[in-house]
A.B. asks: 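Dropping a structure here in structure tokens format, bear with me for questions.
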Amino acid sequence: MNTQQHLLDILDDVLSLEGRAKAFTSDTALLGALPELDSMAVVSLITALEEQFGIVMDDDEIDGATFATVGALTDFVDQKLAA
């Protein structure tokens, strides 16, 4: 499973999207576009990403751009995995 597909599965689960995330592409907007992705959901999503991918996301590494699109979040996770 590639990073983006794994990420979409996590998004679907954490945000209770009931399968909607499967249709998301790299260009799909997240923060500000998905009502389910509020500030509390971002915290839950970060926790899930850290657990599922075995990474640590420091507060100073994350900003709104990290969660702007599926592609931006995938790129961020890929960079963390490569580090």
Side-chain angles (χ1 to χ4, degrees):
M1 179 181 301
N2 68 30
T3 303
Q4 183 166 310
Q5 188 56 54
H6 194 175
L7 177 71
L8 292 179
D9 289 344
I10 294 168
L11 277 169
D12 204 74
D13 182 50
V14 171
L15 302 180
S16 301
L17 297 177
E18 299 176 2
R20 288 187 1 232
K22 293 190 186 325
F24 292 178
T25 67
S26 294
D27 297 327
T28 300
L30 296 176
L31 200 58
L34 286 179
E36 296 87 352
L37 190 59
D38 59 18
S39 58
M40 290 305 295
V42 167
V43 173
S44 297
L45 182 57
I46 289 169
T47 301
L49 292 172
E50 288 179 331
E51 289 173 358
Q52 292 287 318
F53 286 105
I55 59 175
V56 176
M57 299 170 70
D58 294 321
D59 291 343
D60 61 348
E61 297 177 304
I62 305 167
D63 58 25
T66 307
F67 295 92
T69 64
V70 170
L73 188 53
T74 300
D75 289 346
F76 178 82
V77 171
D78 277 336
Q79 288 173 5
K80 294 298 289 181
L81 289 170

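Keep in mind that the numbers below use all heavy atoms, side chains included, and drop hydrogens, waters and symmetry copies. Since this is a predicted model, take the numbers as computed values, not measurements.
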A.B. asks: Is the count of non-hydrogen atoms from other residues, nucleotides or ligands lying under 6.0 Å from D58 atom CG greater than 12?
C.D. replies: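 Enclosed: over 12 neighbouring heavy atoms sit under 6.0 Å from CG of D58.
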A.B. asks: Between D9 and K22, is the side-chain contact (heavy atoms from CB on, under 4.5 Å) condition met? List the steps.
C.D. replies: CA-CA 8 Å; D9 289 344; K22 293 190 186 325; 3.7 Å; yes
A.B. asks: Are the side chain of T47 and the backbone N or O of V43 linked by a donor-acceptor pair below 3.5 Å?
C.D. replies: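 Yes; judged by distance alone, with no hydrogens or angles, the pair exists.
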A.B. asks: Which pair of non-hydrogen atoms, one from A72 and one from A65, has the smallest distance, and what is that distance?
C.D. replies: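 Closest approach of A72 to A65, heavy atoms only: CB-O, 3.5 Å.
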A.B. asks: Which atom names give the shortest non-hydrogen contact between V14 and A41, and what distance separates them?
C.D. replies: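 Smallest interatomic distance, heavy atoms only, reads CG1-O, 4.3 Å.
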A.B. asks: Of the options V42, L37, D38, which is the one that meets M40 in a side chain to side chain contact (heavy atoms under 4.5 Å, CB included)?
C.D. replies: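 Answer after filtering V42, L37, D38: D38.
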A.B. asks: Evaluate side-chain contact (heavy atoms from CB on, under 4.5 Å) for L73 paired with T69, printing each intermediate quantity in order.
C.D. replies: CA-CA 6 Å; L73 188 53; T69 64; over 6 Å; no
A.B. asks: Which value, rounded to the nearest 0.5 Å, describes the distance between T3 atom OG1 and Q79 atom CD?
C.D. replies: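 Interatomic distance, T3 OG1 to Q79 CD, rounded to 0.5 Å: 11.5 Å.
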A.B. asks: Is T74 close to L8 at the side-chain level, that is, under 4.5 Å between some pair of heavy atoms?
C.D. replies: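 No. Closest side-chain heavy atoms not under 4.5 Å.
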A.B. asks: May I ask you to test the L49-L7 pair for a side-chain heavy-atom distance under 4.5 Å?
C.D. replies: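 Sidechains of L7 and L49: in contact.
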A.B. asks: Nearest 0.5 Å please: distance from the CD atom of Q52 over to the CG atom of D13.
C.D. replies: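 So the gap between those two atoms works out to 8.0 Å.
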A.B. asks: Test your reading of the model: is there a side-chain donor-acceptor pair from D78 to the backbone of L81, 3.5 Å cut-off?
C.D. replies: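 Looks like no, no N/O pair under 3.5 Å.
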A.B. asks: May I have the step-by-step check of side-chain contact (heavy atoms from CB on, under 4.5 Å) for T25 and V70, ending in yes or no?
C.D. replies: CA-CA 7 Å; T25 67; V70 170; over 6 Å; no
A.B. asks: What I want to find out is whether E36 reaches R20 closely enough, with some N-O distance under 4.0 Å, to be called a salt bridge.
C.D. replies: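 Salt bridge: yes.
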A.B. asks: Do F53 and H6 make a side-chain contact, defined as non-hydrogen atoms from C-beta onward lying under 4.5 Å apart?
C.D. replies: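 Yes - at least one pair of side-chain heavy atoms lies under 4.5 Å apart.
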A.B. asks: Could you walk me through whether D12 and F24 pass side-chain contact (heavy atoms from CB on, under 4.5 Å), step by step?
C.D. replies: CA-CA 10 Å; D12 204 74; F24 292 178; over 6 Å; no
A.B. asks: Side chains of M57 and F76: does their closest heavy-atom pair fall under 4.5 Å?
C.D. replies: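 Sidechains of F76 and M57: in contact.
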